[in-house]
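Given the structure is predicted, the values throughout are model-derived calculations rather than measurements. Just so you know, ligand 1 is whichever comes first in the structure, and atom 1 is the first atom listed for that ligand.
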Amino acid sequence: MDHKTLFCLTITSCLVFFSASFPNGQLNYNFYDGSCPNLSMTVRWGVWAAFQNDTRIAASLLRLHFHDCFVNGCDGSVLLDDTKDFKGEKNALPNRNSVRGFEVIDSIKAELERACPSTVSCADILTLAAREAVGLSGGPYWPVPLGRRDGLTASEKAANEKLPSPFDALENITAKFAANGLDVKDVVVLSGGHTIGLAQCFTFKRRLFDFKGSGKPDPSLDSSVLSSLRSTCPNADGSNTKLAPLDSQSTYSFDNLYYQNLVNKTGLLESDQALMDDPKTAAMVNSYSMYPFLFSQDFAASMVKLGNVGLLTGKAGEIRKKCGSVN
Ligand code: HEM
Ligand SMILES: *[C@@H]1O[C@H](CO)[C@@H](O)[C@H](O)[C@H]1NC(C)=O
Ligand SMILES: *[C@@H]1O[C@H](CO)[C@@H](O)[C@H](O)[C@H]1NC(C)=O
Ligand SMILES: *[C@@H]1O[C@H](CO)[C@@H](O)[C@H](O)[C@H]1NC(C)=O
Ligand SMILES: *[C@@H]1O[C@H](CO)[C@@H](O)[C@H](O)[C@H]1NC(C)=O
């Protein structure tokens with residue numbers, strides 16, 4: 001019996017699996033079976049160990065993968081340090097003092113270099129790490145097709161332009177997803193990643209005091225949540241980097257309470273709560289708020305799509321020896 005058949009007998013989400021079966025002609029589930037058979041166990045162990053020390057790391061790894069894929073595709077470009085030839089993505093506005101998890105990827109990579117040198121791409125490690133991170137947080141599991149190669153360059157400018165901002169209008173966010181082959185359903189589903197992790201006060205503070213010059217708070221924010229956020233993020237620059245949970249109901253648990261929050265007007269970011277402003281996205285939010293299993297299934301499917309954005313495969317790019325620099 002082959003892997004696919006076995007998977008389908010043992011896991012209920014067969015549909016997700018088959019729709020993800022042929023994502024890209026050049027990726028496959030057995031890519032490293034001969035060359036690095038212990039890959040997935042090594043990534044699982046590495047993410048698990050990091051998670052024991054720091055529960056938030058799961059959220060950080062998920063976000064790091066998303067930010068990788070949106071700029072130059074899922075090619076590990078977000079992991080590259082600045083060089084004399086380019087300013088990379090690490091210091092772009094959405095990333096600087098914000099994205100985390102580089103050390104975890106670097107340490108898994110170092111272990112893999114010992115076991116199977118110059119074999120596994122950083123882009124694949126990051127894709128697998130995001131999958132493990134969601135699983136450890138109580139979320140769904142999905143098969144990850146492998147064979148991504150690492151990019152040779154990174155661009156601060158591209159990261160600034162292509163990553164969504166919490167101040168972007170929904171249509172602008174949708175456009176940024178569409179540029180990566182992702183549709184409005186993927187926007188709603190993948191925004192559910194905000195069921196885990198934290199955000200700094202400056203990313204939502206204007207909702208609390210002077211929303212769009214009104215002198216008042218954002219009317220689409222629940223008043224009791226407003227007062228609690230005001231105490232975390234007082235109206236002074238000193239509070240800008242303080243942290244608040246994206247999903248205060250279950251900060252590190254990957255569940256559908258993110259969507260219940262939006263229904264209850266307690267979403268944290270403007271871009272989260274805005275999903276309730278458009279009838280089409282609001283209908284999806286409502287259904288994910290009621291059907292956690294539907295969210296799990298759709299999240300897994302959208303993550304596979306995200307992991308297939310703009311790939312380098314075959315002989316393109318390279319297999320980096322260290323994730324922070326090209327060979
Ligand atoms: C839809 C457009 C999105 C916007 C505007 C957005 C914006 C943000 C912002 C502003 C933060 C807080 C960063 C900080 O304060 O340092 C954040 C955190 C986070 N985002 Fe998003 N995001 C989006 C989509 C996504 C997607 C698609 C995923 C993954 C599937 C994701 C996963 C996360 C996670 C897990 C965190 C918490 C990270 C941590 O605690 O380290 N986001 N996002
Ligand atoms: C596979 O990796 C795990 C985690 O790093 C490790 O504990 C185990 O010994 C490895 N197995 C083999 C056969 O190398
Ligand atoms: C444990 O997590 C903290 C962040 O909470 C981090 O600064 C530290 O480097 C981590 N330690 C290890 C051994 O990973
Ligand atoms: C959204 O995109 C439009 C068209 O590109 C642009 O004119 C507008 O300024 C953008 N809005 C925001 C809030 O970024
Ligand atoms: C949303 O509001 C409903 C009704 O007040 C409540 O039962 C539910 O617990 C709330 N959900 C969250 C996630 O706060």
For [X], counting its heavy atoms only, list the atoms of ligand 1 lying under 4.0 Å from any of them.
X    : result
I196 : 35 (C), 37 (C)
G197 : 37 (C), 40 (O)
T203 : 10 (C), 15 (O)
G193 : 35 (C)
P166 : 5 (C), 10 (C)
S271 : 5 (C)

What protein heavy atom is closest to [atom], reported as residue, atom name and distance in Å?
atom                    : result
atom 11 (N) of ligand 5 : N264 ND2, 2.9 Å
atom 22 (N) of ligand 1 : H194 NE2, 2.9 Å
atom 2 (C) of ligand 1  : P164 CG, 3.5 Å
atom 35 (C) of ligand 1 : A59 O, 3.2 Å
atom 14 (C) of ligand 1 : S98 OG, 3.3 Å
atom 30 (C) of ligand 1 : L190 O, 3.4 Å
atom 12 (C) of ligand 1 : A199 CB, 3.5 Å
atom 1 (C) of ligand 1  : S191 OG, 3.5 Å
atom 40 (O) of ligand 1 : R56 NE, 2.7 Å
atom 4 (C) of ligand 2  : W45 CB, 3.6 Å

- Query: What's the spacing between E113 CD and C36 SG if we round to 0.5 Å?
  - Reply: 9.0 Å

- Hey, could you give me the CG/NE2 distance between L128 and H65, rounded to the nearest 0.5 Å?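 Reported value, rounded in 0.5 Å steps: 9.0 Å.
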
- Message: My understanding is that we take every heavy atom of each candidate and find the minimum distance to atom 13 (C) of ligand 1. Doing that for R96, R63, K176, which one comes out nearest?
- Response: R63

- Message: Please compare T42, V43, N38, I108 and report which has the shortest non-hydrogen distance to atom 3 (C) of ligand 2.
- Response: N38

- Query: Which residue, D106, T42, V120, forms the side-chain contact (heavy atoms from CB on, under 4.5 Å) with I125?
  - Reply: V120

- Item | Option passing side-chain contact (heavy atoms from CB on, under 4.5 Å) with T174 (candidates V184, V188, D168, D186) | V184

- Message: Yes or no, since that's all I need: does a protein heavy atom fall within a distance strictly under 4.0 Å of atom 14 (O) of ligand 2?
- Response: yes

- Verify atom 7 (O) of ligand 5: protein non-hydrogen atom under 4.0 angstrom away: no

- Message: Heavy-atom contact check, 4.0 Å cutoff: does V187 meet ligand 1?
- Response: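 No, V187 has no heavy atom closer than 4.0 Å to ligand 1.
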
- If you measure from each heavy atom of F177 to ligand 1, is any distance below 4.0 Å? yes

- Pair K90 + D81: basic N to acidic O under 4.0 Å: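 Yes.
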
- Looking only at heavy atoms, which two atoms of L61 and A130 are closest? And how far apart? O-CB, 4.1 Å

- Which bit of E111 gets closer than 4.0 Å to ligand 2, counting heavy atoms only: side chain, backbone, both or neither?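 The side chain, only.
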
- Do the rings of Y288 and Y259 sit parallel, tilted or perpendicular, given the 30° and 60° boundaries? tilted

- Item | Aromatic plane relationship, W48 with W45 - under 30° parallel, 30 to 60° tilted, over 60° perpendicular | parallel

At a non-hydrogen distance cut-off of under 4.0 Å, which region of [X] contacts ligand 1 (side chain, backbone, both, or neither)?
X    : value
N97  : neither
L246 : side chain
S165 : backbone

- Query: Taking T313 as the fixed residue, which of Q26, R148, R149 is the one that meets the side-chain hydrogen bond (donor to acceptor under 3.5 Å, both in side chains) rule?
  - Reply: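 Answer after filtering Q26, R148, R149: Q26.
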
Under 3.5 Å, is there a donor on one side chain and an acceptor on the other for [X] and [Y]?
X    : Y    : value
S77  : D75  : yes
N261 : D247 : yes
S253 : D255 : yes
R56  : Y252 : no

- Answer yes or no: is there a side-chain heavy-atom contact under 4.5 Å between N95 and L163?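 In short, these two side chains touch, coming nearer than 4.5 Å.
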
- Spell out, as yes or no, whether a donor-acceptor pair under 3.5 Å connects the side chain of T281 to the backbone of D278.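 Here the side-chain-to-backbone pair exists.
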
- Are any side-chain N or O atoms of S220 and backbone N or O atoms of K265, one a donor and one an acceptor, separated by less than 3.5 Å?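 No.
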
- Counting from 1, what ligand 5 atoms have a heavy atom of N261 closer than 4.0 Å?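 Ligand 5 atoms under the 4.0 Å threshold to N261: 13 (C).
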
- Item | Element-labelled atoms of ligand 5 that are located less than 4.0 Å from some non-hydrogen atom of Q260 | 11 (N), 13 (C)

- Are the ring centres of F295 and Y258 closer than 6.0 Å?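 Judged by ring-centre distance (under 6.0 Å), F295 and Y258 do not meet the cut-off.
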
- Are any of the N or O atoms of Q200 closer than 3.5 Å to those of ligand 1? yes

